[in-house]
Number of protein chains: 2
Amino acid sequence: MNEGVEWALHSCLNLAWIGEDRAVTAARLAAYHALPTAYLNKQLQALARAGIVTSTPGPKGGFRLARPLERITLMDVVTAIEGPDEAFRCAEIRKQGPGETPHTGHELPCAFAESMAKAELAWRRELAACTLADVRKRAEKRAPGARDTLRRWFENS
Amino acid sequence: MNEGVEWALHSCLNLAWIGEDRAVTAARLAAYHALPTAYLNKQLQALARAGIVTSTPGPKGGFRLARPLERITLMDVVTAIEGPDEAFRCAEIRKQGPGETPHTGHELPCAFAESMAKAELAWRRELAACTLADVRKRAEKRAPGARDTLRRWFENS
DNA sequence: GCCCAGTTACTCGGATACCACTTGTCCGAGTCACCGTGG
DNA sequence: CCACGGTGACTCGGACAAGTGGTATCCGAGTAACTGGGC
């Protein structure tokens, strides 16, 4: 899986902690975790295309959350970064070569693909059931000072 | 996801349909679906290392199933081909740069990683619950002639 | 006829290139803030 | 003092390279079957 997913998740949480009142540039978000600025910018663009964050150009511009964390799921972020394609894409090799399935088995979906899709659906269901607000709650319980440290750093930057 | 997974799954099913009495070479398995022989051989080697199939060299050699399909799950095959690593590997970026989580939040696992791992566990659970025998049953119901066609082709090859 | 050793051909197995995609970087279009000027 | 136009700098956004892992291939080590000869 693309590692940009982790960057995007933490960036969303950071944006929420900073507050929705002001936009944050990709450079500052990147600096906070020592990430390559331009590449994180690329991921944030993907989030913007997905409607998870909004981007404003010009001075005092940057990114901010498009909606509260309660309405953003892990699935949203993963889909925004990874794309909508399924991980297991059936190439239908059973239809190639002499082994092409006979007796009207072509139209019906491949039994393997079906089971893999079912498993992937369970994965997506879990991701869709977990909002970033849930994660924020757990993170604040574990590292109580993280939020304040972050706000202080972004104000003094 | 690696496309070799699909090849391995179909090859296992084909081996089961052919019968356990004789070994089948990678070349014939590949020819049946018009796949590159050497590369499929590589995937079969991975299955052999995982103990899913056994390989015998020399004339009349080849691959055969190490155990019946009832005891082979989708998870086994996926792990054999893809490796045991999780798809989402947390790089712990929260510990980098000025944003390193303070107040003893380091030892506890990342909340994001935890949720992602939970979702992935659901995926693995589904894969582990589905045996290749289940898939075979469904495939035979959809394409009743597939098994006989396959056996005929492999006998006349 | 039976046994055995040598040869042979066939198999897997790992070492070796090729290619696509992820990762990483750069510069330009657009935009808002700021500043100086005029009323 | 206030309004306004011009300038400037800062932002995102997409186009452009580099590195890594998946994809594909080849050749060698090893083995079991086959063949021919000897008993």
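Note on naming: letters A, B, ... go to the chains in the order of the sequence lines (proteins, then strands), and numbering restarts at 1 for each one. Quantities reported herein were computed from a predicted structural model and do not represent experimental measurements.
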Rounded to whole angstrom units, what separation is found between the OH atom of Y39(B) and the P atom of dA15(C)? 17 Å
Grab the CZ-P distance between R49(A) and dG13(D) for me, whole Å please. 8 Å
Nearest-angstrom distance from the residue atom CG of L47(B) to P of dG13(C): 11 Å
Nearest-nucleotide 5' precedence on DNA chain D, E82(B) against K60(B): E82(B)
Answer yes or no: is there an ion pair linking R125(B) with E120(B), defined by an N-O contact shorter than 4.0 Å? no
Let me know the distance between CD of E3(B) and C1' of dC19(C), rounded to the nearest Å. 13 Å
What is the distance, rounded to the nearest whole Å, between atom CG of L40(A) and atom P of dT22(C)? 18 Å
Between G58(A) and P36(A), the residue closer to the 5' end of DNA chain C by nearest nucleotide is P36(A)
Hey, do the aromatic rings of F154(B) and W17(B) have their centres closer than 6.0 Å? no
Salt-bridge present (E126(A), R124(A); N to O < 4.0 Å): no
Residue whose closest nucleotide on DNA chain C lies nearer the 5' end, P57(A) versus Q43(A): Q43(A)
Salt-bridge contact K118(B)-E114(B) (side-chain N to carboxylate O under 4.0 Å): no
Which nucleotide in dC26(C), dT23(D), dG13(D) has an atom nearest any side-chain atom of Q45(A): dG13(D)
Measuring to OP1 and OP2 of dT11(C), would you say a side-chain N or O of R64(B) lies under 4.0 angstrom away? no
Base, sugar-phosphate, or nothing: which does A27(B) touch, judged by heavy atoms less than 4.0 Å apart? nothing
Ion pair present between K137(B) and E70(B), side-chain N to carboxylate O less than 4.0 angstrom? no
Rounded distance in Å - CD (E6(B)) to C1' (dT23(D)): 15 Å
Taking atom P of dC10(D) as reference, at what distance in whole Å does atom CG of N41(A) sit? 16 Å
OP1 or OP2 of dC10(D) sitting under 4.0 Å from any side-chain N/O of T25(A)? no
Which is true for A23(A) with a 4.0 Å heavy-atom rule: it touches a base, it touches only sugar-phosphate, or it touches nothing? nothing
When the distance from NZ of K42(A) to P of dC26(C) is rounded to whole Å, what number comes out? 14 Å
